[in-house]
Amino acid sequence: MTYTSPIPVTDAVVYNGSGLELVDLTMAYGDIDVIRGVSMKVEPGTTTCVIGPSGSGKSTMLRGINRLHEPKSGDVLLAGESALKVKPDILRRRIGLVFQHFNLFPDHTALENVALALRTVKGLGKQQSLDVAADRLAEVGLADRAHHRPRDLSGGQQQRVAIARALAMEPEVMLFDEVTSALDPELVKGVLNLMASLGQRGMTMVVVTHEMNFARRVADQVVFMDAGKVVEAGRPEDLFDKPQSPRLRLFLSEVL
Ligand SMILES: Nc1ncnc2c1ncn2[C@@H]1O[C@H](COP(=O)(O)OP(=O)(O)O)[C@@H](O)[C@H]1O
Ligand SMILES: [Mg+2]
């Protein structure tokens, strides 16, 4: 697979991603710490891919970053300021999160799904929300699918609508949690290409993924997590070609 020729998107949309930093982040469910002192720095406009075995805390960490689950201690810095001091609903506009399951409204078209978010979250009027939604759909290469309902779109196209909906909030950072793992194999590439294109255009992204080729080619930084901790982090060529820890070597031997 190659990620150098993204799907057609409206050209020259440039993002102005903010920096993100996790500082000794600890998160728990009840008495059990599942994120245990995680620190990482994501420079503005860069892509960090997070890899690691199931249950290692990847999803919990993303949920902590935009406070769907409140951290127990430590800090999340967005553009240098504590995200823990930002009102959660404002924070979730500034940090978009896209999941494996896209949760589109089935009875609304792609255009309406994006426009509805603009009206309810950003308070735009009807016509303006439709205009902006059309631009965002063009940005993800779906201008010609705007009037289709989810059931008339492929899984990959539905996921791109969900990404357009998140982009419509004009986020400074985008978080992706295994967004291709529910897709049929032939649909994966279009979504990965879109993410690569967002990164090339300046979005700051944290991408939890099982797609090791994507991580190797697109990530500025790869973070390997196990048991709630960062075991190894660095440039993709270092992690994939010269893994230092036995746990990463074992993980790679199982997934590659
Ligand atoms: N809502 C929850 N309540 C209690 N424990 C949870 C909850 N969600 C996840 N966990 C536990 O937290 C740990 C990390 O899970 P998760 O963040 O989903 O890992 P990953 O995304 O890497 O698979 C696992 O041990 C999981 O069982
Ligand atoms: Mg997960």
Side-chain angles (χ1 to χ4, degrees), residues 20-42 47-76 83-84 88 91-92 95-104 155-156 158-159 162-163 166 171 173-185 187-188 191-192 194-195 204-216 218-219 221-234 236 239-240 243 245-256:
L20 180 74
E21 190 172 352
L22 309 188
V23 186
D24 201 15
L25 191 71
T26 296
M27 297 178 62
Y29 293 108
D31 292 338
I32 301 169
D33 287 353
V34 297
I35 296 293
R36 302 185 292 149
V38 165
S39 296
M40 75 175 71
K41 193 164 185 177
V42 182
T47 297
T48 293
C49 285
V50 180
I51 61 173
S54 179
S56 57
K58 307 180 297 296
S59 295
T60 302
M61 179 181 77
L62 294 189
R63 292 166 59 82
I65 292 172
N66 81 350
R67 289 171 64 196
L68 284 173
H69 188 75
E70 290 286 348
K72 179 172 152 185
S73 63
D75 208 349
V76 176
L84 303 181
L91 185 67
R92 281 173 217 142
I95 304 180
L97 174 55
V98 182
F99 304 93
Q100 185 177 336
H101 299 290
F102 1 98
N103 297 323
L104 300 175
Q158 291 180 57
Q159 190 56 285
I163 292 171
V173 173
M174 288 278 282
L175 312 176
F176 296 90
D177 195 356
E178 296 186 11
V179 293
T180 59
S181 44
L183 300 178
D184 291 333
L187 303 176
V188 167
V191 174
L192 295 181
L194 170 60
M195 290 197 283
T204 306
M205 306 199 292
V206 180
V207 182
V208 171
T209 187
H210 294 301
E211 297 286 340
M212 297 300 145
N213 282 323
F214 175 84
R216 181 190 276 273
V218 173
Q221 166 181 243
V222 177
V223 172
F224 171 62
M225 287 181 65
D226 192 23
K229 291 189 171 186
V230 173
V231 176
E232 236 174 281
L239 259 82
F240 288 118
S245 64
R247 273 187 287 177
L248 177 54
R249 281 200 288 273
L250 176 66
F251 177 74
L252 291 175
S253 74
E254 284 167 348
V255 297
L256 288 179

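In each ligand, atom 1 is the first atom listed, and ligand 1 is the first ligand listed. Hydrogens, waters and symmetry mates are skipped; everything else that's a heavy atom, side chains included, is used. None of the values given here were measured: they were computed from a predicted structure.
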Participant: So Leu22 and Ser39, do their side chains get closer than 4.5 Å, heavy atoms only?
Facilitator: no

Participant: Can you confirm whether more than 12 heavy atoms, excluding those of Leu256, are under 6.0 Å from its CG atom?
Facilitator: yes

Participant: Report yes if the side chains of Phe176 and Gln100 come closer than 4.5 Å at any heavy-atom pair, otherwise no.
Facilitator: no

Participant: Can you name the closest pair of heavy atoms from Pro71 and Arg67 and give their distance?
Facilitator: CD-CG, 4.2 Å

Participant: So if I apply the side chain to side chain contact (heavy atoms under 4.5 Å, CB included) rule between Met174 and each of Ile95, Val207, Ile163, Thr47, which one comes out positive?
Facilitator: Ile163

Participant: Sequence neighbours excluded, which residues qualify as salt bridge (charged side-chain N to carboxylate O under 4.0 Å, His left out) partners of Asp177?
Facilitator: none

Participant: Hey, are the side chains of Met40 and Met61 touching, using non-hydrogen atoms and a 4.5 Å cut-off?
Facilitator: yes

Participant: For ligand 1, would you mind listing the residues that have at least one heavy atom less than 4.0 Å away, ordered by chain and number?
Facilitator: Tyr29, Val34, Pro53, Ser54, Gly55, Ser56, Gly57, Lys58, Ser59, Thr60

Participant: Given Met195, which of Val218, Val179, Thr209 fulfils the side chain to side chain contact (heavy atoms under 4.5 Å, CB included) condition?
Facilitator: Val179

Participant: Holding to salt bridge (charged side-chain N to carboxylate O under 4.0 Å, His left out), I want the full list of residues that pass it with Arg247, two or more places apart in sequence or in another chain.
Facilitator: Asp226

Participant: Listing residue and atom name, which protein N/O/S atoms are closer to the Mg ion (ligand 2) than 2.8 Å?
Facilitator: Ser59 OG

